[in-house]
Amino acid sequence: MYKTHTCGELRATHANQQVTLAGWVHRRRDHGGVIFLDLRDRYGIVQVTVNPDLSKESLDAVSNVRMEWVLQITGMVQKRPAGMQNPKMQTGEVEVIAQSVKVLNRAKTLPFLVSGENDLPDENTRLKYRYLDLRRERMTHNMILRHQVVKFMRDFLDQYNFVEIETPILFKATPEGARDYLVPSRLYPGQFYALPQSPQQLKQLLMVAGMDRYFQIARCFRDEDLRGDRQPEFTQLDLEMSFVQRDDVLALVEQLYTELISAITPHKRLLSSPWPRFSYREVLERYGTDKPDLRFGMELIDVSDIFAKSDFRVFQSAIEAGGVIKCIVAPGCAEYSRKEVDALTESARALGAKGLATLAVTSEGLKGTAAKFVTPEEAEAVKSKTGAQEGDLILVAADQRAVVNKVLGGLRLIFRDRLDLADPNMLAFGWVVDFPMFAWNEEEGKWDAEHHPFTMPQLDDLPKFETNPGEILSDAYDMVCNGYEMASGSIRIHRSDIQLKVFELLGLRGDEIEQKFGHMLEAFDYGAPPHGGMAPGIDRLVMLLADEPNIREVIAFPKNQTGRDVMADAPSEVEPKQLKELHIQIRE
RNA sequence: GGUCCCGUGGUGUAGCGGCCUAACAUGCGGCCCUGUCAAGGCCGAGAUCGCGGGUUCGAAUCCCGUCGGGACCGCCA
């Protein structure tokens, strides 16, 4: 072994012990005679004091040392002299008086500083030198936090009889849903494996196999564009249970998360426990999105009835076209300048609105772009229904229901950030249930599965397959937190007749069903138990727990937004020989 | 595919039509210094301002294009 102790563990209790440490030079302070080296490893930093009476060999080594060189140091732990302690350091009561210093490896001048958390370089530079970026305390902390989260999940689920089972990474292309990553087959020219978008089918088949309770820390792959909260490969806690109903799954996951957070990030507070539940319809009406940030109010308020007979053309025509008029109240924003209101209108347009009406509540009555069209009665009605006070700004959108919800839901988040309405240490978990089973695809003129085609329709709605598929609700559910979709799951179909009905409604032909899902239908016919499950995203959870603004900060080696690994420079071209073996020809 | 924003020594910023022969901090090289902990002091090297074109007497600065990056929309069963 190169070391007897870690840099981070030394305390006053180690005083007068001889220790050998190995680590990186975090900082170096050369006073001409005495030299201080802050030696760092994953566990922490300790001050090493090099006095001028060392062997020449060691002194020569120290005189050349630069930041991030790798050293092995043997020395005596000593309590620091009175007044010399550093309360900012965990090891600040002691220092190691060097007896020998050996350079294990040198380091070139770094592209950026590992020490110091400010002045971070451009993210691509960090990603290119990710192995250096990960040396930073914050990143090391994020990686360890992630480990703790996953470890907690494993231990918890083990306690409740779950079995961790690995499923294949090389699997079969699924026709619907996200774009697949394809892997060409060498042995079967023209044929492809696909990387799993999730282990959905496999975990259901494990239920058919009688595993009863399964989980996996599962890597999933989707070839879609990236976002701050979306990577092409991501990790989810994939879990599935037999003989359960919706509330059994929700209760288990809620308990897991509640215990996990109090164990691992006790400084985080849950907004409410038990978590609130909303129907899909309700959450859209109140927050304008199916993944609401519940940490603050500013809910969407329907004022269609108040303005049903308004003289304002915009309101009139929205109602006539079957739309709605809704608003949100921005507290204390009545004094917004023309420029600020214009910027908000621009944001509303970007979200799909044709425009945005504003009503500022002032001591002299309503002002703003829509004020002159509002009668005194309407003004009173709006103030009373919204509870808007003097000094508030009411933002009104009139359009089709879906557009209005989206626009106001988006503006709500803009105000959250601008007015600091959401407490970063609050975790506002909630459940969204009763999703519609199908959504009409306007472009292709067919029904799409809102969740996925294996989701169980609510049994009361089964007759609607023939009459009104759009109204069928499913037994699907989402976990949301602070404006993110944290998990989604469902009770699954376990009967082949219902599964077939769903495939047919989705417009799949008989031969297609057989070719793509024959194995599922056949399995259901061999005694599939009722089952359901859920797949919470691990990247997003750790991101929230670590107070990071995007999931790249909690993934060791993420892709940048353009989908590249800038460290290894992937994707990259391959040798012609490889392509030939895979029966692939590149078209220019 | 779309909208918006960004691109100046190794790194982070300033400069936003002439004071720029590009400033500051940090890092880097050298010298001094025995108690600092973002050590300090002195000296020095290092950028033709992403790239190409245009406007102008004059461009890091204005315009167009392009490349790279970020945020968001589409997309993400």
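Every chain is numbered from 1, with letters handed out A, B, ... down the list of sequences. Keep in mind it's a predicted model, so treat the numbers as computed, not measured.
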- request: Test for a donor-acceptor pair under 3.5 Å between the base of B:rC76 and the side chain of A:R230, counting only N and O atoms.
  value: yes
field: Ring centroids of A:H31 and B:rA39 base under 5.5 Å with planes under 30°
entry: yes
message: Regarding A:Q99 and A:T74, do their side chains bring together a donor and an acceptor under 3.5 Å, going by distance alone?
response: no
field: C1' gap between B:rA59 and B:rA22, integer Å
entry: 13 Å
message: I'd like to know if A:E137 pairs up with A:R40 as an ion pair, taking the criterion as any Lys NZ or Arg NE/NH1/NH2 lying under 4.0 Å from an Asp or Glu carboxylate oxygen.
response: no
task: Could you work out the separation of B:rG52 and B:rC67 based on their C1' atoms and round it to a whole Å?
output: 10 Å
message: So A:A449, base contact, sugar-phosphate only, or nothing? Heavy-atom distance under 4.0 Å.
response: sugar-phosphate
Can you give me the N/O atom pairs linking the protein to nucleotides 41-43 of chain B at distances under 3.5 Å, or say none if there are none?
none

query: Among the nucleotides B:rC75, B:rG27, B:rG12, which one has an atom lying closest to any side-chain atom of A:D225?
result: B:rC75
task: Grab the CG-P distance between A:L10 and B:rC37 for me, whole Å please.
output: 21 Å
query: Taking atom P in both B:rU11 and B:rG1, what distance in whole Å separates the two?
result: 30 Å
- prompt: When rounded to the nearest Å, what value does the distance between P atoms of B:rC33 and B:rG46 take?
  reply: 28 Å
query: Taking for each residue the nucleotide of RNA chain B bearing the nearest heavy atom, is the 5' side occupied by A:R540 or by A:Q47?
result: A:Q47
- request: Using the P atom as the reference point in each nucleotide, state the distance between B:rA23 and B:rA47 in Å, no decimals.
  value: 12 Å
field: Any donor-acceptor N or O pair under 3.5 Å, side chains A:Q499, A:S496
entry: no
message: Please check this pair: side chain of A:D539 against backbone of A:T235, looking for a donor-acceptor N/O pair closer than 3.5 Å.
response: yes
task: Under a 3.5 Å limit for both distances, which nucleotide forms a Watson-Crick or G-U wobble pair with B:rC24, could you say?
output: B:rG12
- prompt: Reckon A:E68 touches a base, only the sugar-phosphate, or nothing at all at heavy-atom distances under 4.0 Å?
  reply: nothing
message: Using a heavy-atom cut-off of 4.0 Å across all strands, would you classify A:Q197 as base, sugar-phosphate, or nothing?
response: nothing
- prompt: Atom CZ of A:F36 and atom P of B:rG40: how far apart are they, to the nearest Å?
  reply: 14 Å
- prompt: C1' atom, B:rU26 versus B:rA39: distance in rounded Å?
  reply: 15 Å
task: Identify which nucleotide among B:rG12, B:rA38, B:rG35 has an atom closest to any side-chain atom of A:K88, counting heavy atoms from C-beta outward.
output: B:rA38
query: Do we see a donor-acceptor contact under 3.5 Å between the side chains of A:T91 and A:Q47?
result: no
task: In whole angstrom, give the distance that lies between atom OH of A:Y181 and atom P of B:rC76.
output: 14 Å
- prompt: side-chain hydrogen bond (donor to acceptor under 3.5 Å, both in side chains) with A:E240: which of A:R492, A:Q204, A:Q200?
  reply: A:R492
Cation-aromatic face contact A:K203/A:Y214, 6.0 Å, 45 degrees: no
- prompt: Do A:R80 and B:rC37 share a donor-acceptor pair, side chain to base, under 3.5 Å?
  reply: yes
task: Using whole Å, report how far CG of A:D30 lies from P of B:rG30.
output: 12 Å
- prompt: Checking A:R130 side chain against A:P558 main chain: does a donor-acceptor pair fall under 3.5 Å?
  reply: no
query: CG of A:L110 versus C1' of B:rU11: gap in Å, rounded?
result: 11 Å
statement: Rounded to whole Å, CG of A:N441 lies from C1' of B:rG74 at a distance of 13 Å
message: Once you apply a heavy-atom cut-off of 4.0 Å, does A:P111 come out as touching a base, just sugar-phosphate, or nothing?
response: sugar-phosphate
query: Reckon A:Q85 touches a base, only the sugar-phosphate, or nothing at all at heavy-atom distances under 4.0 Å?
result: base
- prompt: Watson-Crick or G-U wobble partner for B:rU56, using a 3.5 Å limit on both distances?
  reply: none
message: Please classify the nucleic acid contact of A:K406 as base, sugar-phosphate, or nothing, using heavy-atom distances under 4.0 Å.
response: sugar-phosphate
task: Please determine, by modelled atom types, if A:N441 and A:E443 share a side-chain donor-acceptor pair under 3.5 angstrom.
output: no
message: Tell me whether the side-chain N/O atoms of A:R29 come closer than 4.0 Å to OP1 or OP2 in B:rA39.
response: yes
query: Relative to the 5' end of RNA chain B, which residue comes earlier, A:T125 or A:P52, by the nucleotide with the nearest heavy atom?
result: A:T125
- request: For B:rC63 and B:rC75, measure between their P atoms and round to the nearest Å.
  value: 34 Å
query: Do A:Y181 and A:F192 have ring centres separated by under 6.0 Å?
result: no
Rounded interatomic separation in angstrom, taking CZ from A:F112 and C1' from B:rG12: 13 Å
message: Distance check, P atoms only: B:rG9 and B:rA14, in whole angstrom units.
response: 13 Å
- prompt: Base, sugar-phosphate, or nothing for A:M89, non-hydrogen atoms under 4.0 angstrom?
  reply: base
Gap separating the CD1 atom of A:I73 from the SG atom of A:C7, nearest 0.5 angstrom: 8.0 Å
message: Walk me through whether A:E548 and A:R138 qualify under salt bridge (Lys or Arg N to Asp or Glu O under 4.0 Å).
response: CA-CA 10 Å; A:E548 291 291 359; A:R138 176 158 191 157; 2.6 Å; yes
task: May I have the distance from A:N86 (atom CG) to B:rC37 (atom P), rounded to whole angstrom?
output: 9 Å
Shorter than 3.5 Å, N or O on both sides, protein versus nucleotides 66-72 of chain B: list them out with atom names.
{"from": "B:rG69", "atom 1": "OP1", "to": "A:T562", "atom 2": "OG1", "distance (Å)": "3.2"}
{"from": "B:rG70", "atom 1": "OP1", "to": "A:Q561", "atom 2": "N", "distance (Å)": "2.6"}
{"from": "B:rA71", "atom 1": "OP1", "to": "A:R552", "atom 2": "NH2", "distance (Å)": "2.4"}
{"from": "B:rA71", "atom 1": "OP2", "to": "A:R552", "atom 2": "NH2", "distance (Å)": "3.3"}
{"from": "B:rA71", "atom 1": "OP2", "to": "A:Q561", "atom 2": "OE1", "distance (Å)": "3.2"}
{"from": "B:rA71", "atom 1": "OP2", "to": "A:Q561", "atom 2": "NE2", "distance (Å)": "2.5"}

message: Please confirm whether the ring centroid of A:F517 lies under 6.0 Å from the ring centroid of A:F454.
response: yes
message: Taking only side-chain N and O atoms of A:R66, does any of them lie within less than 4.0 angstrom of OP1 or OP2 on B:rG29?
response: yes
field: Base partner of B:rA71, which must satisfy Watson-Crick or wobble distances under 3.5 Å
entry: B:rU3
